[in-house]
Amino acid sequence: MELNPNWLTAPIVIPSLAASLGLSISYWGRRQVDTWQYRVTLLGAFANLAVAILLLVVTLGGQRLVLQMGGWVAPFGITVYADGLSAIMLTLTAILAVATTFYAGGTLDDRKRLNFYPLTMVLVMGVNGAFIAGDIFNLYVFFEVLLMASFALLTLGGQLKQINAGIRYVFLNLLVSTLFLITTGVIYSTLGTLNIAQLAERMPDVPRSVQLLVAAMLLIAYGTKAGLFPLFSWLPDSYHTPHPAVTAFFGGLLTKVGVYALFRIFPLLFPLILQEWQWLILTIAGLTMLTGVFGAMSVNTMRRVLSFQIISHVGFIIMGFGLAANVDRRLAAFGMTAGILYLAHHMLVKTGLLMAGGAAELIAGSGSLLRERLAGLRQLQPALAAIFFMTAMSIAGMPPFSGFIGKLSLVEGAVLSGHWLIAAVSLFVSFLTLLTVLRLWQKTFWGEPVLPAEPPASPIRLGLTLTPIALLLALSIAIGVFSEPVLRWSETAAYQVLDRQGYISAVAPTDVIEYTGATDIETTDTESTDTGVTDTGGTDEE
């Protein structure tokens with residue numbers, strides 16, 4: 001199946017149009033603005049999902065989609081690129097956007113009147129753009145778009161704790177963005193281009209000291225966005241403050257943009273440095289796992305525990321990235337396959353778990369795990385208790401859920417590569433994760449029910465709240481049960497990520513601007529000669 005590359009504009013255009021229309025509705029002052037914005041956002045989210053699935057089918061079938069914006073050949077124009085990894089990330093983002101919109105429709109309070117839904121579409125547009133950007137500068141631009149949208153969502157409502165968390169969040173991220181921009185300037189001044197394919201061509205000719213400097217700066221920038229050790233402090237300090245719908249969307253999505261950038265850039269630009277730094281990456285992965293799980297065991301509110309768990313499980317994903325730095329191509333592909341599989345699992349399941357935890361917090365009127373403020377919800381909300389338990393088992397890596405397949409693949413890859421220590425660390429952290437989620441379930445759903453400390457500002461619509469969580473849980477079970485095709489798709493994406501020459505050939509950067517109208521001029525000259533008309537303006541001699 002061949003697909004026109006112009007479809008690559010849809011993941012940016014669709015959420016942009018949905019956000020614009022939603023904001024226009026607010027500007028017009030129409031009655032029930034939030035209801036109409038909700039409908040427009042749902043329509044945009046489903047359209048975005050349909051396009052993402054189309055791109056997924058095509059790219060996993062072997063086609064690499066490349067669009068040169070404005071007809072300018074690379075690297076002179078803006079390149080948009082999609083392969084299996086890009087399409088997987090676009091599809092997962094679209095699924096989370098649909099699920100979060102439904103969840104927000106069932107749980108959101110007065111913040112739905114503050115343009116919550118258009119802001120989510122702006123966020124989706126920024127994330128989608130980052131996944132298909134074909135040059136370093138536009139990757140930076142889309143990082144900034146999603147940063148602005150995420151800051152607005154984080155502080156939506158104007159509560160003091162939100163403002164404090166938002167200031168810390170945006171301050172650290174702006175510092176990292178500045179580092180990213182400086183790195184972009186260094187790259188352009190050194191190599192004379194920002195197109196990723198042409199950078200892959202030219203980077204081997206750059207002095208090794210410059211390569212190491214650029215690689216280190218990008219590792220710090222992307223690692224901070226991903227929440228890696230020791231650059232994760234912004235995440236647990238901010239994710240517990242906004243509405244649970246925002247926390248769920250952020251938890252499943254934002255750190256994965258930084259992970260994607262690592263997956264995309266390093267195998268293309270720094271394959272040898274990546275192999276040399278394998279020990280460093282695996283060490284960072286192990287420390288990220290341990291820090292996250294120990295942090296989750298030390299805090300006493302629902303969303304703080306789940307926020308620290310995000311850090312821990314990003315460590316598992318980076319473990320796959322480290323295994324992909326193997327000299328042996330087959331072992332490298334196996335490690336990248338495991339990393340991509342665990343990335344997909346975590347995006348789906350972590351979002352579902354944050355939704356379930358947020359629903360429990362809203363029903364109980366408190367997120368504290370102390371003094372049994374959340375106790376007894378099993379009797380009040382048995383369906384929520386069951387969904388929360390199964391989602392927690394998936395994040396802990398228990399069969400038959402996707403977490404089991406993902407962690408088993410990572411451990412197998414580590415053992416085959418001879419990295420026994422990181423395999424042992426991952427198993428230890430998995431055990432501690434199981435204890436952590438069992439503690440959460442016991443503190444939240446076991447015991448005798450208590451009256452809510454603070455009733456929710458608006459009643460929760462259980463149907464809209466539980467349905468998206470159940471959908472994400474069903475996807476987790478499907479990945480666990482039908483693991484063979486999912487592993488095959490992840491393997492296809494992994495080989496495409498590691499295929500430097502395939503990426504370069506698909507984009508085909510050139511240092512010569514070809515004049516696409518040459519054929520038309522030659523035809524015109526011939527026709528003029530045949531009719532006896534002298535053409536005085538189109539000869540080569542002139």
What distance do [X] atom [atom1] and [Y] atom [atom2] have between them, rounded to the nearest 0.5 Å?
X	Y	atom1	atom2	answer
L123	M148	CG	CE	11.0 Å
I405	H345	CD1	NE2	11.0 Å
L92	L56	CG	CG	8.5 Å
L331	H419	CG	NE2	8.5 Å

Candidate pair T79 and N195, rule side-chain hydrogen bond (donor to acceptor under 3.5 Å, both in side chains), full reasoning: CA-CA 7 Å; T79 299; N195 183 274; 3.0 Å; yes
Report yes if the side chains of [X] and [Y] come closer than 4.5 Å at any heavy-atom pair, otherwise no.
X	Y	result
W7	L65	no
L49	I53	yes
S312	L290	no
K256	I317	yes
T433	Q309	yes
L272	Q275	yes
I281	F266	no
T288	I318	no

Crowding at CZ, F137 (>12 non-hydrogen neighbours, <6.0 Å): no
When you measure from the side chain of [X] to the backbone N and O of [Y], does any donor-acceptor pair fall under 3.5 Å?
X	Y	result
T91	A52	yes
T247	Y239	yes
E144	S177	no

Stepwise side chain to side chain contact (heavy atoms under 4.5 Å, CB included) test for T100 and L253: CA-CA 11 Å; T100 305; L253 192 59; over 6 Å; no
Parallel, tilted or perpendicular: rings of F102 and F46 (30°, 60°):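 F46 vs F102 ring planes: perpendicular.
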Going by atom types alone, do [X] and [Y] pair a side-chain donor with an acceptor below 3.5 Å?
X	Y	answer
T193	Q198	yes
Y260	S86	yes
T59	D83	no
N4	N6	yes
S476	S394	yes

Proximity of Y81 and Y503 rings by center, below 6.0 Å: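 Judged by ring-centre distance (under 6.0 Å), Y81 and Y503 do meet the cut-off.
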Centroid-centroid under 6.0 Å between F180 and Y222 rings: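 Yes - the distance between ring centres of F180 and Y222 falls below the 6.0 Å cut-off.
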Evaluation steps, side chain to side chain contact (heavy atoms under 4.5 Å, CB included), between L67 and M69: CA-CA 6 Å; L67 177 64; M69 304 294 289; 3.5 Å; yes
Lys/Arg-Asp/Glu bridge criterion (N-O < 4.0 Å) met for D499, R329: no
Closest contact, heavy atoms only, L268 versus I196: CD1-CG2, 3.6 Å
Nearest non-hydrogen partners of G339 and L410, listed with the distance: N-CD2, 4.1 Å
Stepwise side chain to side chain contact (heavy atoms under 4.5 Å, CB included) test for V13 and M125: CA-CA 8 Å; V13 171; M125 185 265 287; over 6 Å; no
Lys/Arg cation over aromatic F316: K407, 6.0 Å, 45° cone: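 Ring-cation test returns yes.
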Counterpart residues, salt bridge (Lys or Arg N to Asp or Glu O under 4.0 Å), relative to R208 (two or more places apart):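 By the salt bridge (Lys or Arg N to Asp or Glu O under 4.0 Å) rule, R208 matches E276.
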Side chain to side chain contact (heavy atoms under 4.5 Å, CB included) evaluation trace for D135 with N138: CA-CA 6 Å; D135 64 87; N138 280 290; 2.7 Å; yes
Residues which pass side-chain hydrogen bond (donor to acceptor under 3.5 Å, both in side chains) with S150, listed by chain and number, not counting sequence neighbours: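 With sequence neighbours excluded, S150 shows a side-chain hydrogen bond (donor to acceptor under 3.5 Å, both in side chains) to Y169, given in chain and number order.
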